[in-house]
Amino acid sequence: MVRMPPIATSAAPTRTPRRTAAPAWLVMLLVCAGQFLVVLDVSVVNVALPAMRTGLGLSELGLQWIVNAYVITFAGFMLLGGRAADLFGRKRIFVLGLALFTLASAGGGLAQQPWQLIAARTVQGVGAAVLSPATLTILTTSFPTGAARTRAIATWTAVGAGGGAVGGLVGGVLTENLSWRWVLLINVPVGALVLAGAVLWLTESRQGVARRLDVPGALLVTGGLGLVAYGIVQTETDGWASASALLPLAAGLVVIAAFIAVEARTKAPLMPLGLFRLRSVSSANAAMVLSGAAMFSMWYFLSLYMQNVLGYQPLQAGLSFIPHSLSIVLGSKIGPRLMHRMGAKTLAIAGAVISVSGMVWQGAMDADGTYLGTLLGPGILMALGAGLTATPVASIATSGADPADQGLVSGLMNTSRQMGGALGLSVLSTVAASRIEAAGHGPKALADGYALAFQVGSVVLLASILLMVIALPRRRADAAQG
């Protein structure tokens with residue numbers, strides 16, 4: 001039986017000794033709580049946006065940037081966060097990112113002006129980008145290679161997936177029973193608790209050889225990704241042919257090209273280009289971009305369909321996502337056992353096939369749909385397949401990298417998912433809007449537009465499956481090791 005090679009095989013990360021070692025479950029709890037907060041805040045504000053608009057007098061543009069400011073900075077600073085964790089210490093960067101995220105949450109919850117809320121969401125995104133890569137690297141450097149590490153990655157994946165899935169429910173409950181401000185303020189006590197636990201119990205680890213942080217590379221990649229993301233966001237309202245979309249997209253591509261040129265010449269690059277010669281890294285990240293483009297917008301369009309076509313209240317829509325949330329967590333949790341039997345590549349493909357079948361089924365929805373007949377079955381398939389796919393792809397992506405580059409690979413993986421999701425949401429929203437406008441609006445037109453988005457998304461996911469078949473390396477999972 002061929003086994004997936006261990007993540008850490010060469011130079012072990014240096015650690016600072018402490019008096020008492022934290023139990024594995026506590027390390028898992030702390031890092032997964034941090035990841036849950038980060039992913040939750042991608043979607044938790046969606047159902048609170050109308051209340052935010054009323055409370056602060058937000059314009060339509062301002063309303064969009066409550067969401068976009070977080071997603072763009074989250075994606076744009078991810079690589080910097082991953083490399084900083086490697087160079088300056090995973091625990092130190094975890095604490096720094098969580099503190100920044102918690103303080104920004106407090107600032108957003110107490111905001112009195114629109115610009116204050118948007119600024120707080122921007123800082124939240126930076127904190128999330130610093131925090132998120134550190135959560136996975138702490139796991140991969142704290143758990144031994146084999147079944148223990150695979151279970152840890154699976155739990156981390158499930159918690160992150162669950163955070164995204166329950167965002168609408170949490171936002172609906174808080175907004176309806178307390179205030180929109182508590183969508184952000186709830187992060188403060190939770191963040192403070194996790195912060196105290198991290199300071200007391202997490203073990204410091206970092207790359208053994210001292211290196212400087214590649215500041216020019218970090219600025220270039222962050223600026224380039226930010227410009228590309230901004231251009232993608234603009235296409236949703238102004239169209240792909242508009243100057244407001246094309247100019248930042250073109251500028252972003254130029255800046256990214258400059259980043260590649262700098263990385264090829266610098267002695268201590270933020271992103272060693274040779275890393276992409278590893279088939280595991282390049283193919284897994286490419287697959288993640290495509291699958292993220294197809295799956296990220298699932299919750300968005302289902303929420304719109306429930307509320308705009310079926311007439312659900314925000315809390316009803318959030319409750320309706322519970323089976324989806326349970327399915328994606330279940331898929332993530334049973335992934336390691338299936339990887340033991342099937343191998344990572346086979347499981348990733350099988351999970352994506354399950355998801356695409358759900359997307360094709362969901363693409364048949366109409367204005368007369370019901371929860372049991374239209375939403376439950378395809379939603380479970382889409383979510384279950386996404387959970388099954390995430391763990392093996394994450395394992396493959398990190399399997400061939402040097403221990404010193406684990407933070408970088410983690411950041412790259414999350415950046416791929418976020419950027420793919422941003423691109424996919426913009427493209428699919430444009431497709432849906434064009435169909436709705438052509439059909440004359442109304443519930444039937446809305447249902448047709450949302451259905452078309454799922455149909456196009458299924459084509460994108462099929463492209464991801466084809467890429468997995470051709471390019472992913474065929475290895476057995478870590479779970480196969482004793």
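- Atom CD1 of I328 is separated from atom CZ of F321 by 11.5 Å, given to the nearest 0.5 angstrom.
- The two residues A243 and P248 make their nearest non-hydrogen contact at O-CD, 3.8 Å.
- Put simply, the side chain of L227 does not reach to within 4.5 Å of the side chain of L249, judged on heavy atoms.
- A donor-acceptor distance shorter than 3.5 angstrom exists from the side chain of T73 to the backbone of Y70, with no hydrogens or angles considered.
- Using a 4.5 Å heavy-atom cutoff, the side chains of V255 and V228 are not in contact.
- The CE atom of M359 sits 9.5 Å away from the CG atom of L462 when rounded to the nearest 0.5 Å.
- For T389 (side chain) and A352 (main-chain N/O), a donor-acceptor pair under 3.5 Å exists by modelled atom type.
- Nearest heavy-atom pair, V95 versus A198, reported as atom, atom and distance to 0.1 Å: CG2-CB, 4.1 Å.
- Scanning both residues, S464 and L290, for their nearest heavy atoms gives CB-CB, 3.6 Å.
- Side chain of K345 to main chain of L472: a donor-acceptor pair is present (N/O by atom type, distance under 3.5 Å, no hydrogens or angles).
- Contact record, S291 with M288: OG-O, 3.3 Å, taken as the closest heavy-atom pair.
- Interatomic distance, CG of L467 versus CG of L461, reported as 11.5 Å (0.5 Å rounding).
- Proximity of V31 to F36: side-chain heavy atoms (C-beta onward) are nowhere separated by under 4.5 Å.
- Residue N187 forms a side-chain contact (heavy atoms from CB on, under 4.5 Å) with just one option from T102, D41, V38, V44, and that option is D41.
- Between the side chain of S105 and the main chain of L185, no donor-acceptor pair closer than 3.5 Å is present.
- Under a 3.5 Å cut-off, the side chain of Q124 and the backbone N or O of A104 do not form any donor-acceptor pair.
- Using a distance-only test at 3.5 Å, with no hydrogens or angles considered, no donor-acceptor pair links the side chain of S132 to the main chain of A128.
- With hydrogens and angles ignored, the 3.5 Å screen pairs a side-chain donor or acceptor of S355 with a backbone N or O of A386.
- Distance alone, capped at 3.5 Å, is enough to place a donor-acceptor pair between the Q116 side chain and the Q112 backbone.
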query: Going through the checks in order, is the side chain to side chain contact (heavy atoms under 4.5 Å, CB included) test met by W180 and L56?
result: CA-CA 11 Å; W180 67 262; L56 295 181; 3.9 Å; yes

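- Of the candidates V356, I354, V360, L381 forms a side-chain contact (heavy atoms from CB on, under 4.5 Å) with just one, namely I354.
- For the atom pair Y305 OH and Y312 OH, the distance stands at 8.5 Å (nearest 0.5 Å).
- In plain terms, the two heavy atoms of L388 and G331 that are nearest each other are CD2-O, 3.4 Å.
- Side chain of R92 to main chain of F88: a donor-acceptor pair is present (N/O by atom type, distance under 3.5 Å, no hydrogens or angles).
- Using cut-offs of 30° and 60° on the angle between ring planes, the pair Y450 and F301 is tilted.
- Although no hydrogens or angles enter the test, the distance criterion places no donor-acceptor pair under 3.5 Å between the side chain of R435 and the main chain of G449.
- What you find for M365 and A451 is that their closest heavy atoms are CE-N, 3.5 Å.
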